[in-house]
Amino acid sequence: MARLCCEFFIGDTVKIARDLLGCYLVRILDGEMLVCRITETEAYVGSIDKACHAYNYHKTARNAVMFGPPGHAYVYLIYGMYHCLNFTTNVEGEPEAVLLRGMKPIYGTEKMSQLRYGKPLSALNSYQKKNFANGPGKCCKVLAIDRTFNGEDLSGEKLFICNSLSDLGLPEENLHLTIHSGKRIGIDYAEEAVDFPWRFWTEE
């Protein structure tokens, strides 16, 4: 199956965050393929960004993956219970990443529904369907991603990104996406970085 290679993640992290919108995140779980379209992202740039875990090149055991090569998963835990998935970007030594904030389930939705809510898709109410994967912790729960994925190569066999559904042998969507940008969420402590318009999301 075709997938985005390391070169896609090299360069301007803010641009990469935007370019990831409309791409498909694929998780292979127990031999089953789960596919979601990426609908919301945020960029983090350690050299200048006070909202970034690695601001001013501050390296810890937690954020060490950000200093490694691009195209790898950076997974961390928030509030002691929610995992967040990021994609490392730019070049090795520059701690930058894109946070996955939202997705739309495309294929394997029954499995994802069990992972997210513990019940079949047909049993979900409208609120549950609307809030299926519209947050970083929800995205990880839907795809059963935890800290064991920290450092995972995104061109590997368990977790990867494709440009199109046809790369996966699935019919393409007929999409007309409008892309929006704005301030990132939950970073009120980050002084001037609060106003960086580095969150991107799509509207169909």
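For the residue pair Ser122 and Glu110, the shortest heavy atom distance occurs at N-OE2, 4.4 Å. Closest heavy-atom contact between Thr39 and Lys104: CG2-N, 3.8 Å. Nearest heavy atoms, Pro95 versus Cys52: O-SG, 4.1 Å. In terms of heavy atoms, Pro136 sits closest to Cys84 at CB-SG, 3.9 Å. Heavy-atom minimum distance, Gly22 versus Leu177: CA-CD1, 4.0 Å. Scanning all heavy atoms of the two residues, the minimum distance from Phe132 to Pro105 falls at CD2-CG, 3.4 Å.
Side-chain atoms of Asn150 come within 3.5 Å of backbone N or O of Val75 as a donor-acceptor pair. A donor-acceptor pair under 3.5 Å links the side-chain atoms of Asn63 to the main chain of His53, judged by distance alone. Distance alone, capped at 3.5 Å, is enough to place a donor-acceptor pair between the Ser113 side chain and the Lys119 backbone. The main-chain N or O of Gln128 is found under 3.5 Å from a side-chain atom of Tyr117 such that the two form a donor-acceptor pair. With hydrogens and angles disregarded, a donor-acceptor distance shorter than 3.5 Å links the side chain of Glu172 to the backbone of Leu165. No donor-acceptor pair under 3.5 Å is formed between the side chain of Thr202 and the backbone N or O of Ile179. In this structure, the side chain of Glu92 does not engage the main chain of Pro70 through any donor-acceptor pair within 3.5 Å. Between the side chain of His58 and the backbone N or O of Asn56, no donor-acceptor pair lies under 3.5 Å.
A distance of 13.5 Å separates CE in Met103 from SG in Cys23, rounded to the nearest 0.5 Å. Expressed to the nearest 0.5 Å, how far CG of Asp49 lies from CZ of Arg184 amounts to 4.0 Å. Taken to the nearest 0.5 Å, the CG atom of Leu168 stands 4.0 Å off from the SG atom of Cys162. Of the inter-residue distances, the one linking Glu94 atom CD with Thr13 atom OG1 reads 9.0 Å to the nearest 0.5 angstrom. The CG atom of Leu34 lies 6.0 Å from the CG atom of Leu143; values are rounded to the nearest 0.5 Å. Atom NZ of Lys50 and atom CD of Glu192 lie 4.0 Å apart (nearest 0.5 Å).
Enclosure of atom OH in Tyr127 is not indicated, since only 12 or fewer non-hydrogen atoms of other residues, nucleotides or ligands lie within 6.0 angstrom. The environment of CZ in Phe67 is crowded: more than 12 heavy-atom neighbours from other residues, nucleotides or ligands sit within 6.0 Å. Counting heavy-atom neighbours within 6.0 Å of Lys15 NZ, excluding the residue itself, gives a total of 12 or less.
His176 is not listed as a side-chain neighbour of Glu203, based on a closest heavy-atom distance of 4.5 Å or more. The side-chain heavy atoms of Leu100 and Ile38, taken from C-beta on, include a pair separated by under 4.5 Å. Looking at heavy atoms from C-beta onward, Arg199 lies out of side-chain contact with Thr41 at the 4.5 angstrom threshold. Residues Leu154 and Phe9 form a side-chain contact, since some pair of their non-hydrogen atoms from C-beta on lies under 4.5 Å apart. The closest side-chain heavy-atom distance from Ile185 to Glu40 is below 4.5 Å. Residues Leu25 and Val35 form no side-chain contact, since every pair of their non-hydrogen atoms from C-beta on lies 4.5 Å or further apart. Between Tyr24 and Arg37 there is a side-chain heavy-atom pair separated by less than 4.5 Å. Glu152 has its side chain out of reach of His72: every pair of non-hydrogen atoms, C-beta onward, lies at least 4.5 Å apart.
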- Report the C-alpha distance between Val98 and Asn86 in whole Å, list the side-chain angles of each, state the deciding distance to 0.1 Å, and finish with yes or no for side-chain contact (heavy atoms from CB on, under 4.5 Å). CA-CA 5 Å; Val98 173; Asn86 301 255; over 6 Å; no

- Message: What verdict does the ring pair (Phe, Tyr, Trp, His ring centres under 6.0 Å) test give for Phe200 and His180, after you've listed the backbone C-alpha separation in whole Å, the side-chain angles of each residue and the deciding distance to 0.1 Å?
- Response: CA-CA 6 Å; Phe200 302 94; His180 301 273; over 10 Å; no

- Evaluate the side-chain contact (heavy atoms from CB on, under 4.5 Å) criterion for residues Leu21 and Trp201: first the C-alpha distance (whole Å), next the side-chain angles of each, then the deciding distance (0.1 Å), finally the verdict. CA-CA 7 Å; Leu21 296 178; Trp201 66 96; 5.6 Å; no

- Please test Tyr44 against Ile187 for side-chain contact (heavy atoms from CB on, under 4.5 Å), starting from the C-alpha separation and ending with a verdict. CA-CA 11 Å; Tyr44 288 85; Ile187 58 164; 4.1 Å; yes

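Using modelled atom types and a 3.5 Å distance limit, the side chains of Asn125 and Lys129 yield no donor-acceptor pair.
Clustering ILVMFWY residues whenever any of their side-chain heavy atoms sit less than 4.5 angstrom apart, transitively, puts Leu115 in the very cluster that holds Leu85. In the hydrophobic clustering of ILVMFWY residues, with side-chain heavy atoms under 4.5 Å counting as a link, Val65 and Ile16 come out apart. If you chain together hydrophobic residues whose side chains sit under 4.5 Å apart, Val45 and Tyr74 never meet in one group. Cluster annotation: Leu20 and Phe196 are assigned to the same hydrophobic cluster (Ile/Leu/Val/Met/Phe/Trp/Tyr, side-chain heavy-atom contacts under 4.5 Å, transitive). Under a hydrophobic-cluster definition in which Ile, Leu, Val, Met, Phe, Trp and Tyr are linked whenever side-chain heavy atoms come within less than 4.5 Å, directly or via other members, Leu124 and Met112 are assigned to the same cluster.
Taking 4.0 Å as the cut-off between side-chain N and carboxylate O, Glu32 and Arg27 do not count as a salt-bridged pair. Using a 4.0 Å cut-off between a side-chain N of Lys or Arg and a carboxylate O of Asp or Glu, Lys183 and Asp195 qualify as a salt bridge. Using a 4.0 Å cut-off between charged nitrogen and carboxylate oxygen, Arg3 and Glu157 count as a salt-bridge pair.
Judged by the 6.0 Å distance and 45° axis criteria, Arg147 is not positioned over the aromatic ring of Tyr76.
Within the structure, ring pair (Phe, Tyr, Trp, His ring centres under 6.0 Å) pairs that include any residue of residues 80-105 do not occur (at least two apart or interchain).
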